[in-house]
Amino acid sequence: TVKKAGGVRYGFYHNKMTQAFPDKMIMETHLRRAIELNELSLHYQPQVDLQNGEISSVEALLRWNNRKFGAVPPSEFIPIAEDNGLIHSIGAWVIDQACLQLQAWSRQGISNIRIAVNISPQQFAQADFDDIILNALKKYNVEPGLLEIEITESAMSNMNATLSMLKKLKKIGVKISVDDFGTGYSSLNYLRLFPIDILKIDQSFVREIQSECKDAAITKTIIHLAHSLGLEVVAEGVEEMAQVSFLRKEHCQKGQGYFFSKPLPSREMELKLLSIS
Ligand code: C2E
Ligand code: MG
Ligand code: MG
Ligand code: MG
């Protein structure tokens, strides 16, 4: 059986990767059926306005709850899906679900809440990625400005392809953000060339904002850079009040992190939004 084969592999490789989680090939077998078995879901984490505390956007974060493995973190299964091509169907499912959620919220009177979805470089490189977005928006009659596409700098390596895709997305009207900003290899040149709306400061900079003067300097610089370019800026991984104070003082617009809320299941996020709308 599959399980037996996995046991053999465990012993055979016994490397650091396979300690905490089952063998990649076994996981892949299960991941292939995750959509049909209804094992995937989106959780939502609010992005909070640091001046007035309002929530105007949430990030959709994918969760996989498998009968055998339990909750598998995205850091484990997304790389597998990216390696074997499953990311295309999983990614399309995420976009579909986010648009379905936007429709459901709009029908309940929760309006003007934007949902940001994470897009893998492989998805973004698909020639028809813009059609996938457009079709999902149409299917659920969603206002394009309520959908945000989060891409990382690693998705932007091909200058021409990136520019042409971003232009198509811009024309559709979705928002575009750069996730984990500052951790990639790209040059500042792309900020000049690409039609980007939002910078998300990576949580590794925000974490030690209080104690590491280099991290504080980088964070301030990203905030000021965003302001000068007319971009919105979101700090990721905000866990403490001291970080909020710092970010507020530097006029960072939004914060996202455990200080405000962990990612919540759809219904819990909905109740939160209903209570404040
Ligand atoms: P990300 O897009 O940078 O998302 C932020 C991650 O930080 C999330 O981890 C979130 O739960 C976590 N986080 C939020 N607040 C805090 C905090 O205050 N402290 C700390 N330490 N962490 C915080 P998560 O949900 O495990 O996702 C990890 C990564 O997996 C994401 O990083 C994203 O790159 C990827 N991912 C998640 N969902 C999707 C998806 O639907 N598609 C793709 N392609 N990638 C996804
Ligand atoms: Mg993200
Ligand atoms: Mg990321
Ligand atoms: Mg991030």
Side-chain angles (χ1 to χ4, degrees), residues 20-21 31 34-35 39-48 50 55 57-65 71-101 114-126 129 132-133 136 147-155 175-184 196-210 215 219 222 232-244 247 254-266 268-269:
F21 291 96
L31 193 54
I35 294 179
E39 293 179 342
L40 298 180
S41 64
L42 293 181
H43 281 199
Y44 297 92
Q45 188 177 37
Q47 299 180 337
V48 178
L50 294 172
I55 300 172
S57 47
V58 297
E59 178 175 6
L61 293 156
L62 188 57
R63 297 292 177 257
W64 178 29
N65 204 343
V72 186
S75 55
E76 291 291 327
F77 71 85
I78 295 280
I80 295 175
E82 288 178 341
D83 281 351
N84 65 18
L86 272 177
I87 195 64
H88 296 290
S89 53
I90 291 175
W93 182 89
V94 169
I95 292 162
D96 185 87
Q97 288 298 299
C99 289
L100 171 64
Q101 185 69 83
R114 187 167 76 211
I115 296 181
V117 292
N118 291 283
I119 304 297
S120 288
Q122 292 88 335
Q123 276 177 281
F124 188 74
Q126 272 180 280
F129 177 67
I132 294 172
I133 297 290
L147 186 68
E148 178 180 324
I149 302 300
E150 288 194 7
I151 52 174
T152 54
E153 289 159 293
S154 56
K175 299 278 181 218
I176 295 151
S177 61
V178 184
D179 200 0
D180 308 336
F181 183 76
T183 60
I196 286 157
D197 301 294
I198 300 137
L199 297 184
K200 298 191 72 179
I201 308 171
D202 190 66
Q203 52 188 51
S204 62
F205 299 123
V206 177
R207 194 172 300 131
E208 306 292 335
I209 223 173
Q210 288 304 109
D215 292 339
T219 301
I222 298 174
E232 198 178 289
V233 59
V234 182
E236 298 192 77
V238 178
E239 295 184 354
E240 293 160 21
M241 188 58 215
Q243 293 166 321
V244 175
L247 294 164
K254 291 180 182 177
Q256 178 183 347
Y258 301 157
F259 177 80
F260 301 107
S261 169
K262 62 183 192 334
L264 302 172
S266 162
E268 278 180 50
M269 191 67 236

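Atoms within each ligand, like the ligands themselves, are counted from 1 in listed order. All heavy atoms count here, side chains included; hydrogens, waters and symmetry mates do not. Here, residue 1 is the first one in the sequence, and each next residue gets the next number.
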Check: Does a side chain donor of either Ser57 or Glu148 reach within less than 3.5 Å of an acceptor in the other side chain?
Finding: no
Notebook entry, point to check: Which of the atoms of ligand 1 are close to Ile78, meaning less than 4.0 Å from one of its heavy atoms?
Noted result: 42 (N), 43 (C), 45 (N), 46 (C)
Check: ligand 1 versus Gln203, non-hydrogen atoms closer than 4.0 Å: side chain, backbone, both, neither?
Finding: side chain
Margin query: I'd like to check which ligand 1 atoms, numbered from 1 as shown, lie under 4.0 Å from a non-hydrogen atom of Gly257.
Written below: 15 (N), 18 (O)
Margin query: Is Glu236 close enough to the Mg ion (ligand 2) that one of its N, O or S atoms comes in under 2.8 Å?
Written below: no
Notebook entry, point to check: Any non-hydrogen atom of Lys262 lying under 4.0 Å from ligand 1?
Noted result: no
Check: Under a 4.0 Å heavy-atom limit, does Gln97 contact ligand 1 with its side chain, its backbone, both, or neither?
Finding: neither
Next item on the list: Select one of side chain, backbone, both or neither to describe which atoms of Ser120 lie under 4.0 Å from any atom of ligand 1, heavy atoms only.
Entry: both
Margin query: Report the atom name of the nearest N/O/S atom of Asp180 relative to the Mg ion (ligand 4).
Written below: OD1
Check: Given that the side chain starts at C-beta and the backbone is N, CA, C, O, which of these parts of Glu82 lies under 4.0 Å from ligand 1, counting heavy atoms, or is it both or neither?
Finding: neither
Next item on the list: Measure from the Mg ion (ligand 2) to each N, O or S atom of Glu59 and report whether any distance is below 2.8 Å.
Entry: yes
Checklist line | Proximity winner for atom 1 (P) of ligand 1, if only heavy atoms of Asp179, Leu62, Ile87, Ile119 are counted | finding: Asp179
Check: atom 18 (O) of ligand 1: which of Tyr258, Phe124, Phe259 has the nearest heavy atom?
Finding: Tyr258
